[in-house]
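All chains are named by letter (A, B, ...) in the order of the sequence lines, taking the proteins before the strands, and each is independently numbered beginning at 1.
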Amino acid sequence: MDLAQRIRRRRRRGADRPIVLDYEPLNPVAHVQEPVGRGPVLERVLDHLDPVFEGTLPPDVYVWGPSGSGKSAIVTALFDRLQSMTVQPHAVIHTSTRAQTVELPTFVYVDARVANSEFQLYHRVLEAVSSDDVPQQGVSTAELRSRLQDTVGGSSGVVLAVDHVDEPESLTTAQLTEWFEPFGHTVSLLLVGRTPGEDVHGEWPDEEIEIPGYGQQVLIDVLMTRGSDGLARDALQHSQARKIASWAGGDAHDALAALFGAADRADAAGVERIRDEDVETGIDAVPSPCVPLGVVLSLRANRQRVLRELLDLDSDERASVTTTTKAIAGIDNIDLSPGTVKRFLYELAERGVVERVSASQADGHGRPPSRVEPRFPTLVFRRLYDLHRHE
DNA sequence: GATCCACGGGAATACACGGATG
DNA sequence: CATCCGTGTATTCCCGTGGATC
């Protein structure tokens, strides 16, 4: 348990809520220090990175696996650790075979959902590599690239992980390889995506690592472990974890989202243990198909605001896109015009965050209305959004 | 002045339906 | 009967503006 977690627990205890001690371990997008049950996969990624301990950079690699298979968890945990080794004074590794030391490259992790332009990408990397501040505006993309080239050229190289490639509104493998082509062998890419390599980019020239989905038992372990980190003692029963795991079909994101929802519900009810009905509620609050929570949380603030308000509307306010629009734009201090709210809703539908459901029958004139349904874990989003607004 | 980006507004287009038209 | 038209709605699309920084 780290310090931040200890403090969060104390704060929660003060709130007189018996079940949830800390929401973070239940958060599907939380970064964990030690991913549970992913040892073999970690080993394979480490095998690939092995050359860095000999002083050279590994070739580019494409890591892929189904949603909720722990890709982000593995890569963030690994890069966090490797990065801290680089920053620490003992960044120099003494190899046993040769009495000589090697310098580790810089390890940088970038989420392409957040850094989704060439400029943003260079910015993140540059900020990680050089210790100075890097301007966000007023400097051209080309300028940033050449600054980055200068900086990287004089260093021992960069291993750059780019997560969530080839999603809508993020970056493609083609773009990334093109942008870093001029960097030659000073930057090694580790791209993380969901689809098999051959499907997206026919001739990916380099290695790839496949990450399989979680098995049933392992997923139950994940739930029990995270549950015991975040919940009061014995609040979650093994049979309940089993039920969630079997519903989730190996998807740890969906499973954790359901557990989060269940715990939140039980917490609000003031009971001491999660009830089976809470599990039901938690599962129901995760639609299928479900867009990853990370997609929602990387949306711009105003769009998240609209989604948050959407969750509080009653059903006749959600009868059509237009009435939904009016209801949301009419809320005090929302500060968005109806036209803009409406455009947001259509944009969000395009990204799969909400789904348009057209009414079966038109009553009266005009094109039949359609309403929007959330396609993200509603209880989790609501709780996390409200928590972060109050801090 | 150049640069990137977020934001907001609304025009333009597509669609569904009932009823008028040839 | 086939087609067109008007109306009201849904959906898409484009572009200007302004903040902030170098």
Side-chain angles (χ1 to χ4, degrees), chain A residues 108 110-151 162 164 167-172 175-176 178-180 182 291 294-310 313 315-375 385 388-389:
Chain A
V108 186
V110 173
D111 183 353
R113 285 174 184 155
V114 184
N116 60 355
S117 69
E118 189 177 5
F119 183 91
Q120 288 298 335
L121 187 66
Y122 294 146
H123 187 272
R124 301 274 167 149
V125 181
L126 196 49
E127 198 135 70
V129 174
S130 73
S131 40
D132 324 333
D133 284 346
V134 184
Q136 271 282 2
Q137 289 121 352
V139 52
S140 74
T141 303
E143 164 69 17
L144 218 54
R145 172 174 47 233
S146 80
R147 281 200 209 179
L148 183 57
Q149 276 175 319
D150 291 348
T151 313
V162 185
H164 306 123
E167 287 184 3
E169 305 292 310
S170 82
L171 304 171
T172 65
Q175 286 174 314
L176 288 159
E178 182 192 333
W179 293 340
F180 283 100
V291 81
V295 167
V296 182
L297 295 177
S298 63
L299 292 169
R300 251 88 87 188
N302 272 343
R303 280 149 236 248
Q304 291 194 43
R305 177 84 199 280
V306 167
L307 286 178
R308 176 65 186 88
E309 300 298 348
L310 177 66
L313 299 183
S315 62
D316 38 311
E317 285 173 312
R318 289 190 292 111
S320 77
V321 174
T322 306
T323 56
T324 305
T325 294
K326 283 180 188 149
I328 293 178
I331 293 167
D332 281 349
N333 67 46
I334 187 105
D335 204 24
L336 293 172
S337 79
T340 302
V341 172
K342 188 177 267 192
R343 185 169 54 77
F344 281 4
L345 290 175
Y346 283 114
E347 271 179 24
L348 292 165
E350 184 117 358
R351 283 193 77 171
V353 175
V354 297
E355 184 183 359
R356 295 199 315 264
V357 183
S358 44
S360 46
Q361 50 190 359
D363 71 323
H365 295 284
R367 190 173 173 168
S370 56
R371 61 203 157 79
V372 293
E373 293 282 340
R375 280 284 171 258
Y385 185 90
H388 291 146
R389 282 190 63 79

Next on the checklist: Regarding Phe119(A), tell me which of base, sugar-phosphate or nothing describes its non-hydrogen contacts under 4.0 Å with the strands shown.
Outcome noted: sugar-phosphate

Checklist outcome for this item: Taking dC7(B), dC5(B), dA10(C) as options, the one with an atom nearest any side-chain atom of Gln120(A) is dC5(B)

Checklist entry - Can you check side-chain contact (heavy atoms from CB on, under 4.5 Å) on Thr324(A) and Arg371(A), steps first, answer last? => result CA-CA 8 Å; Thr324(A) 305; Arg371(A) 61 203 157 79; 5.6 Å; no

Checklist entry - Can you list every pair that meets salt bridge (charged side-chain N to carboxylate O under 4.0 Å, His left out) and has a residue in residues 120-131 of chain A, with sequence neighbours left out? => result none

Checklist outcome for this item: Rounded to whole Å, the OH-C1' distance (Tyr122(A) to dT3(B)) equals 16 Å

Checklist outcome for this item: When rounded to whole Å, the CZ to P distance for the pair Arg124(A) and dC4(B) reads 17 Å

Checklist entry - Whole-Å distance between dA10(C) C1' and Tyr346(A) OH? => result 4 Å

Checklist entry - When we call it a touch if two heavy atoms are under 4.0 Å apart, what does Arg303(A) touch: a base, just sugar-phosphate, or nothing? => result sugar-phosphate

Checklist entry - Which heavy atom in Thr151(A) sits nearest to a heavy atom in Ser130(A), and how many Å separate them? => result CG2-CB, 4.1 Å

Item to check | Short side-chain N/O contact to dG8(B) OP1/OP2 from Asn302(A), under 4.0 Å | outcome: yes

Item to check | Separation of atom CG in Leu345(A) from atom P in dT12(C), rounded to whole Å | outcome: 12 Å

Checklist entry - Touch check for Arg343(A), heavy atoms < 4.0 angstrom, all strands: base, sugar-phosphate only, or nothing? => result base

Item to check | Gln175(A) side chain to Thr172(A) backbone, donor-acceptor under 3.5 Å | outcome: yes

Next on the checklist: side-chain contact (heavy atoms from CB on, under 4.5 Å) for Ile328(A) and Phe344(A)? Distances and angles first, verdict last.
Outcome noted: CA-CA 11 Å; Ile328(A) 293 178; Phe344(A) 281 4; over 6 Å; no

Checklist outcome for this item: Whole-Å distance, Lys326(A) NZ to dA10(C) P, equals 9 Å

Checklist entry - Going by atom types only, do Glu118(A) and Tyr122(A) share a side-chain donor-acceptor pair under 3.5 Å? => result yes

Item to check | Atom pair distance, as rounded to whole Å: CG in Leu144(A) and P in dT21(C) | outcome: 16 Å

Item to check | Phosphate OP1/OP2 of dT9(C) contacted by Ser320(A) side-chain N/O (<4.0 Å) | outcome: no

Next on the checklist: Please report the distance, rounded to the nearest Å, between CZ in Arg147(A) and P in dC4(B).
Outcome noted: 13 Å

Checklist entry - Taking the side chain as C-beta and beyond, is there a heavy-atom pair between Leu121(A) and Leu176(A) under 4.5 Å? => result yes

Checklist entry - Given atom CD of Glu143(A) and atom P of dC22(C), what is their separation to the nearest angstrom? => result 13 Å

Next on the checklist: Quick check on contacts: within residues 133-141 of chain A, what sits under 4.0 Å from DNA chain B by heavy-atom distance?
Outcome noted: Gln137(A), Gly138(A), Val139(A), Ser140(A), Thr141(A)

Checklist entry - Can you find a side chain N or O atom of Ser370(A) that sits less than 4.0 Å from OP1 or OP2 on dT11(C)? => result yes

Next on the checklist: Quick check for you: among dT11(C), dA10(C), dG8(B), whose closest atom lies nearest to any side-chain atom of Arg356(A)?
Outcome noted: dT11(C)

